[in-house]
Protein chains: 2
Amino acid sequence: MSDATAHAPLAGVTVVTIEQAISAPLATRHLADLGARVIKIETPGYGDSTRHYDAVVGGLSAHFTWLNHGKESAALDLKSDADLALLHDILATADVFVSNLAPGALGRLGLGAAELAERYSRLIVVDISGYGTGGPYDHKRAYDLLIQSEGGVCASTGTPGHPAKPGVPVADVGTALYTYSTVLAALYDRERTGRGAVIPIAMLDTIAEMMGFAINGVIHAGVEPQPVGLGAPIVAPYGGYATADGQTAILGTTNDREWAKLTALIGRPELADDPRYARNVDRVAARAEVDDALAAWCAQHTLADIQDRADAAGIGNARLNTVRDLVDHPQLRDRGRWREVGTPSGPVPALLPPGVATTWAVRSGAVPALGEHTDAIRTEFGSR
Amino acid sequence: MSDATAHAPLAGVTVVTIEQAISAPLATRHLADLGARVIKIETPGYGDSTRHYDAVVGGLSAHFTWLNHGKESAALDLKSDADLALLHDILATADVFVSNLAPGALGRLGLGAAELAERYSRLIVVDISGYGTGGPYDHKRAYDLLIQSEGGVCASTGTPGHPAKPGVPVADVGTALYTYSTVLAALYDRERTGRGAVIPIAMLDTIAEMMGFAINGVIHAGVEPQPVGLGAPIVAPYGGYATADGQTAILGTTNDREWAKLTALIGRPELADDPRYARNVDRVAARAEVDDALAAWCAQHTLADIQDRADAAGIGNARLNTVRDLVDHPQLRDRGRWREVGTPSGPVPALLPPGVATTWAVRSGAVPALGEHTDAIRTEFGSR
């Protein structure tokens, strides 16, 4: 979508990060996507632990490749005075500092958020943690599954008696997106006030925000959301149904007007007039019955036939896709959503980021080898 | 965390939105949280469909209450020339316009993104859709479950043979956060260029970004992620284990160093030396065996004992919480994460947003009744 006048909105912004895994790396990758320079400080010899998850992308891991293109890697030993001084030389010229190390780790290096903010008044400092500062869980370890479990997500995912972790690392990705957005808000604020900011972000707070609907349901109605497989606790019928050709159609209705259309679609118009199923709350209470009606119809039709008829009736529908199907999805292909990014073993496909204005250029830089930019960064900043 | 000098970073920013459900409303609520004025245009007599999901919050729905505090509601009939002219009077002074109506709906009113951008050069226009513009799915209906199904999330969530929709509406929430962040990037950009922006956001692109690790695994290794309940496809052992006191402990290890600690914790040090389980890839291949060892130990200990011992050993752990447990979570209570917001039937608890700098004030406005601000907005803008 970019045109001849395309520009990178974050050109000129420098981000320094000491990061691991997903939450901070995805946030800083999006900053790089929009043109920021991202300097990733890694431990010499090992680096971001995500480098070691697997080696499927020509020796790089699937996760690391996803999260780190367009960044520079500087392998610095922050326990050495010289490298710590170099980091301060970099920070003195930087705009943003993002970290997601274990609680207290940066404080022991004199790199705590408050100290950095005092020393560099225009710096935007983001401190990502699992549970935030204060409270009994303050120093507890936090990974995506642990936070999703503490936050009630796993208990409300899966099927009754079989809770599950979502296929998307929601706590990590959500924390990344709050980090990304709050850095952008702070950059905007700094344009107007001239001041940086200290931004604490807790993974538990991220998950709690995302569960806001369920929290209100518990507080005000005492209703705990139950895992209902492919369904949604609050509407019915809605879910996955086996088709005559061995596929799974996703189909349903979110309101009472659509229910009337759906009953016509499946040749059961008498259900539309049945007071037992008239309102969504009635259908939720009779979930098994309305599910059965939809399942019986889908079992007699092919997926293509079901989708054509549902589209014609204005009823939302989808296919239960694998990730392979997503890779091959015509909507990604036909809309030009794929780009190439470099790696030490050659170019690989990557998706363009969501959320780009039509007049913005996207940066598509390479995935750095561990310490690939150490010498260049020593040369650039070491003489200051 | 706000202090005496706290300020709202988005004070003075006006957002106009024609929105439904979750994706646009959560994005604009976060803009309101940071001090923007948000004018929500609703259809007279019905409004945002989310108002009608249930009535548990003193007549308001759990979803609507979660997503709409701090906004003004103007009930306008955009098919009337007078109200459409009023909307243009509002847009002429606004900074941001966000919509997530069905494809083409705004274009028919002369409110398409390109038209608005041409007419209001400083306006930031966000057009949220399910599948984006172009491609065979261009006009297909899109709800959270449908997009999560198309995106491979449901197929990789749940247990084998029992795919599931995550308890968090990931497609909606993710789209909200890309909307929110991209608006902030555009506000920053406008400070430097003086120009607004047109921002298309597609729910499918959001989910595809979040599945980036799985996409790389499929492209480069041909490995489709399997639903493994509470586990994670890429590490083992990691999951939920029944405890002696009838609870579920979440426990595991993400790397080889932790595996050695874990085997000591569960009194099976010989496993640390067993080459069959030495590396994470080995343990993933022998998932059932390492799961069994952990399960046997957890079955003989209470949850509290397990958590104390795991904390002491530096092994990440959690509890499989319900949403009720989340509402009562000591980390939310002790860190002062709760605030009150108004509703037409009185104040209710709400969580503070994640991602707030320590020097920023958070706005905690009320949830508006349908059309509560119509008259005031007619008076304010109608005379222009």
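Treat the numbers as computed from the prediction; the structure is a model and nothing was measured. We name chains A, B, ... by the order of the sequence lines, and we start the count at 1 in each one.
When each of A/L187, A/I22, A/V153, A/V173 is checked for heavy-atom pairs under 4.5 Å with chain B, A/L187 comes out on top. If you tally non-hydrogen atom pairs under 4.5 Å between each of B/T65, B/V348, B/T159, B/L204 and chain A, the highest count goes to B/L204. Of the listed residues A/R141, A/H139, A/Q331, the one with more heavy-atom pairs under 4.5 angstrom with chain B than any other is A/Q331. Your options are B/H162, B/R333, B/H329, and the one with the most heavy-atom pairs under 4.5 Å with chain A is B/H329. For the set A/A164, A/P330, A/G152, the entry with the most heavy-atom pairs within less than 4.5 Å of chain B is A/A164. Annotation: maximal heavy-atom pairing with chain B below 4.5 Å, among A/T193, A/V56, A/D54, A/N280, occurs at A/V56. The candidate with the highest count of non-hydrogen atom pairs below 4.5 Å against chain A, out of B/A221, B/C154, B/G174, B/G132, is B/G132. In terms of heavy-atom pairs under 4.5 angstrom with chain B, the leader among A/L351, A/N216, A/I207, A/V170 is A/N216. Ranked by heavy-atom pairs shorter than 4.5 Å toward chain B, the options A/L146, A/T157, A/V218, A/I215 are led by A/L146. If you tally non-hydrogen atom pairs under 4.5 Å between each of B/A214, B/G130, B/P136 and chain A, the highest count goes to B/P136. No other option in B/G316, B/S156, B/P353 has as many heavy-atom pairs under 4.5 Å with chain A as B/G316. In terms of non-hydrogen atom pairs under 4.5 Å with chain A, the most contact-rich of B/A208, B/G158, B/G222, B/A197 is B/A208.
Only the side chain of B/V327 comes within less than 4.5 Å of a heavy atom of chain A; its backbone N, CA, C and O stay farther away. Residue contact with chain A, scored on non-hydrogen atoms closer than 4.5 Å, involves the backbone of B/V356 exclusively. Looking at A/A185, the atoms closer than 4.5 Å to chain B (heavy atoms on both sides) sit in the backbone and in the side chain alike. Of the atoms belonging to B/H30, it is side-chain heavy atoms, and not backbone ones, that fall under 4.5 Å from chain A. With a 4.5 angstrom heavy-atom cutoff, B/L34 touches chain A only via side-chain atoms. Using a 4.5 Å cut-off between heavy atoms, B/V323 touches chain A through backbone and side chain atoms alike. With a threshold of 4.5 angstrom between heavy atoms, B/D334 approaches chain A through side-chain atoms but not through N, CA, C or O. Residue B/P163 touches chain A through both its backbone and its side chain, counting heavy-atom pairs closer than 4.5 Å. Contacts of B/T133 with chain A are made by backbone atoms alone, with heavy-atom separations under 4.5 Å and no side-chain atom involved. Heavy atoms closer than 4.5 Å to chain A are found in the backbone of B/I315, but not in its side chain. Residue B/I201 touches chain A through its side chain alone, counting heavy-atom pairs closer than 4.5 Å. Heavy atoms of A/R319 lying under 4.5 Å from chain B belong to its backbone as well as its side chain. For chain A, the nearby parts of B/E209 are the backbone and the side chain; heavy atoms of each come within less than 4.5 Å. The contact between B/A11 and chain A is made entirely by backbone atoms, counting heavy-atom distances below 4.5 Å. With a 4.5 Å cut-off on non-hydrogen atoms, B/R192 touches chain A through its side chain but not through its backbone. When heavy atoms are compared at a cutoff of 4.5 Å, A/V13 approaches chain B solely by way of its side chain, counted from C-beta outward. Contact annotation for B/R324: both backbone and side-chain heavy atoms come within less than 4.5 Å of a heavy atom of chain A.
Counting only distance, with no hydrogens or angles, the side chain of B/D325 and the backbone of B/T322 share a donor-acceptor pair below 3.5 Å. Although no hydrogens or angles enter the test, the distance criterion places no donor-acceptor pair under 3.5 Å between the side chain of A/S181 and the main chain of B/S181. Counting only distance, with no hydrogens or angles, the side chain of A/S149 and the backbone of B/L320 share no donor-acceptor pair below 3.5 Å. Judged purely by atom type and a 3.5 angstrom limit, A/T248 has no side-chain atom pairing as donor or acceptor with the backbone of A/G240. With hydrogens and angles disregarded, no donor-acceptor distance shorter than 3.5 Å links the side chain of A/R190 to the backbone of A/G196.
With contacts defined as side-chain heavy-atom distances shorter than 4.5 Å, the pair B/V235/A/Y143 does not qualify.
No side-chain N or O of A/D172 forms a donor-acceptor pair with one of A/T175 less than 3.5 Å apart. Using a 3.5 Å distance cut-off with no hydrogens or angles, the side chains of A/H7 and B/D189 do pair a donor with an acceptor.
Under a 4.0 Å N-O distance rule, the pair A/K140/A/E150 does not qualify as a salt bridge.
Rounding to the nearest 0.5 Å places CE of B/M210 at 6.0 Å from OH of B/Y178. Residue A/L26 holds its CG atom at 9.5 Å from CG of A/L31, rounded to the nearest 0.5 Å. To the nearest 0.5 Å, atom CE of residue B/M211 and atom CG of residue A/L326 are 6.5 Å apart. Expressed to the nearest 0.5 Å, how far CD1 of A/I124 lies from OG1 of A/T182 amounts to 10.5 Å.
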Subject >> Residues B/L60, A/H220; criterion side-chain contact (heavy atoms from CB on, under 4.5 Å); working and verdict >> reply: CA-CA 10 Å; B/L60 288 172; A/H220 297 282; over 6 Å; no
**OP:** Given side-chain contact (heavy atoms from CB on, under 4.5 Å), test B/Y131 with B/I147 step by step and report yes or no.
**Re:** CA-CA 9 Å; B/Y131 294 96; B/I147 297 293; 3.7 Å; yes
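Of the candidates A/L184, A/V126, A/I199, A/T206, A/V126 is the only one forming a side chain to side chain contact (heavy atoms under 4.5 Å, CB included) with A/T179.
Listed here is the closest heavy atom pair of A/P9 and B/Y188: O-CE2, 3.7 Å.
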